[in-house]
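Pasting in a structure now, in structure tokens, and then I'll have a few things to ask.
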Protein chains: 2
Amino acid sequence: MKIFHTERHAGHDPQFFLVRGRPTAAAEQPERARILLTAARAGGHDIAEAPDQGLGPIADVHTPEYLDFLQVAWAQWQALPGASAEVIPNVHPGRAGGHYPTGIVGRAGWHTTDTGSPIGPATWEAAYHAAQVAVAAADHVLATRSAAYALCRPPGHHAFADTAGGFCFLNNTAIAARRLRAVHGRVAVLDIDVHHGNGTQGIFYADRDVLTVSLHTDPNGFYPYFWGHAHERGQGAGEGFNLNLPLPAGSGDAPWLAAGRVALERIGRFAPGALVVALGLDAAESDPLQGLRITTEGFRQMAAAIAGLGLPTVLVQEGGYLGPELGINLAAFLAAFESAHSPRKG
Amino acid sequence: MKIFHTERHAGHDPQFFLVRGRPTAAAEQPERARILLTAARAGGHDIAEAPDQGLGPIADVHTPEYLDFLQVAWAQWQALPGASAEVIPNVHPGRAGGHYPTGIVGRAGWHTTDTGSPIGPATWEAAYHAAQVAVAAADHVLATRSAAYALCRPPGHHAFADTAGGFCFLNNTAIAARRLRAVHGRVAVLDIDVHHGNGTQGIFYADRDVLTVSLHTDPNGFYPYFWGHAHERGQGAGEGFNLNLPLPAGSGDAPWLAAGRVALERIGRFAPGALVVALGLDAAESDPLQGLRITTEGFRQMAAAIAGLGLPTVLVQEGGYLGPELGINLAAFLAAFESAHSPRKG
């Protein structure tokens, strides 16, 4: 399979992570991408660095003031007296709304929903090039009508149009989906990360041309908490074009694959021209986040089932954290997908 | 002057406070109330413990699910594996909305806007009795048409109907204002805390019978960041019944007192039946928060000017942190207010 990646993620190495009120080691580490790339190499895939195609595809999804914020935040934060080494906001506008402030502390709170996305000196570079990886994979799929894997780091599916959260800054999955939609008209997103793809859902919530489907751990007790509930179905013109399939924490292969069949049935009825898979691997039983308990065989079966749709497909890396099976699960997924995938020619 | 207080604040002793990304000592300490009470005693005022009048007056301002959350949060948080000693949320719904989760981590993020309001085992008791202090002062003013001072701790003006933030849990000022409004019909709130009274503004934003006026440090670079801008004037029926008078950081007595004259002129035109003053003392030049530079003489002049309205008045303690002039400024304010206050008999 064609694989795109970037070496320019590595400078983004977030340190701060608050879990149940306690600072702990950050889970989204550069080592993740190295492990995934090694696994892809061992699988004999065709690997390329993504070219830089500029801000255009990113600005199709994210707002101008948010993109400005991501580029200036770290330097402005460092100029504050006594500031931390990373941008770690802790004051947010909340549901009561409010107005956009000019200062960096307020802007940081406006543009983030949690403390899980610290901004360091190389965060913008990493997020920008991760988005370029998604763009390159989408372009490859547009050109070949086959499949490609985008090894994106940092991940993206918790980023809304103007907020970072949950280790994410730019929504790589949404950027790929919008690029495909411009050609195919109708695109489906299937998110199999252990967390609900709240940013992706939010970006396309009123859009009937992008069907968003997510399987994930029940958000009542799991990040992102406020989205991913089954009753969220889209709004306005997009009503009925969002499907959430939450699973109880600790669910294993059988209920996950059953939910996958429901998801694929809905995508089949939608009849999109292309598919983006938000490929989190953190549903794995050995993942430190411990939301679901999916085995390597479970990932293999999910990959084959998705490939069976026969759609031009971009696989976008989302979560998946340091554990003994991270690379193994990626390799298994890619191999199973490739052997089951024979796209219908348009 | 009649003064109400409670001894039941003291168990609330928050520890966690994140400033520009760094954990630091919490500013809202029990010692604050002891210093204020000592200053009130030295001034010869008539001091009484507030009686417990139940949840009714609190539930007139705050939502049922928020009041339930405040009562159960600490115990449920303690039952989480590896949880911190205080409830410190770090994942918030943000402006994108979302839905109310059942789990305590999500509920904590839903009901708070920042990490500045940690919930400990005695937080509910303290907040509940602080609200009773405000109720007792309002009842005294209703009965006598004179003035009373409510020594509330924790403070309240950053609490919206269903969120805590900025050291605040229950909005004592709003609770007093609503109690007065039930009798007087029209009530004004004048907030002279160094921070914008965002919660109070939010609670009454669509209400034309409660005029909210706030003087404070420019929120573009100062808490609460997202509210307190001059263009926020109310909404719906309340359009035109909110007035914000932000001042540049570091402003001293002269611009503060000039803004006070604008505020009092607006309140005079509104012609309310009663007044609530959100009496923060953190605009003081010696306050650790260093927003404005108001002298003791400045507080004295402000007090006399407010008293000159001749309105039945509840003074509700808001911010004001440990510094050499905390008690001095309260004593000066109360004495100047009392000597200038001769309410018109209704």
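Every chain is numbered from 1 and lettered A, B, ... according to where its sequence line falls, protein lines coming before strand lines.
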Looking only at heavy atoms and a cut-off of under 4.5 Å, which of A:Pro93, A:Pro224, A:Pro219 has the most pairs with chain B? A:Pro93
Between B:Trp110, B:Phe222, B:Phe160, who has the most heavy-atom pairs with chain A when the cutoff is under 4.5 Å? B:Trp110
Quick check on A:Thr102 against chain B: is it the side chain, the backbone, both or neither that has a heavy atom closer than 4.5 Å? both
Among the listed options A:Asp218, A:Thr113, A:Asn198, the residue most often paired with chain B at heavy-atom distances under 4.5 Å: A:Thr113
Closest non-hydrogen atom pair, A:Val91 against B:Tyr225: CG1-CD1, 3.9 Å
Would you name the heavy atoms of B:Gly21 and A:Ser84 that are closest together and state the gap between them? CA-OG, 3.3 Å
Taking every non-hydrogen pair under 4.5 Å, which of B:Gly98, B:Gly202, B:Gly103, B:Ala85 racks up the most with chain A? B:Gly98
Closest-packed option against chain B by number of heavy-atom pairs under 4.5 Å, given A:Asp162, A:Thr24, A:Thr163, A:Ile104: A:Asp162
Bottom line for A:His229: the part with an atom under 4.5 Å from chain B's heavy atoms is side chain
Selection from A:Val87, A:Asn90, A:Asp114, A:Leu18 maximising heavy-atom pairs under 4.5 Å formed with chain B: A:Asn90
If you count heavy-atom pairs within less than 4.5 Å of chain B, which of A:His231, A:Glu86, A:Arg95, A:Glu232 leads? A:Arg95
Is the shortest side-chain heavy-atom distance between A:Pro81 and B:Arg20 below 4.5 Å? yes
Who wins among A:Gly165, A:Gly166, A:Ala83 for the most heavy-atom pairs under 4.5 Å with chain B? A:Ala83
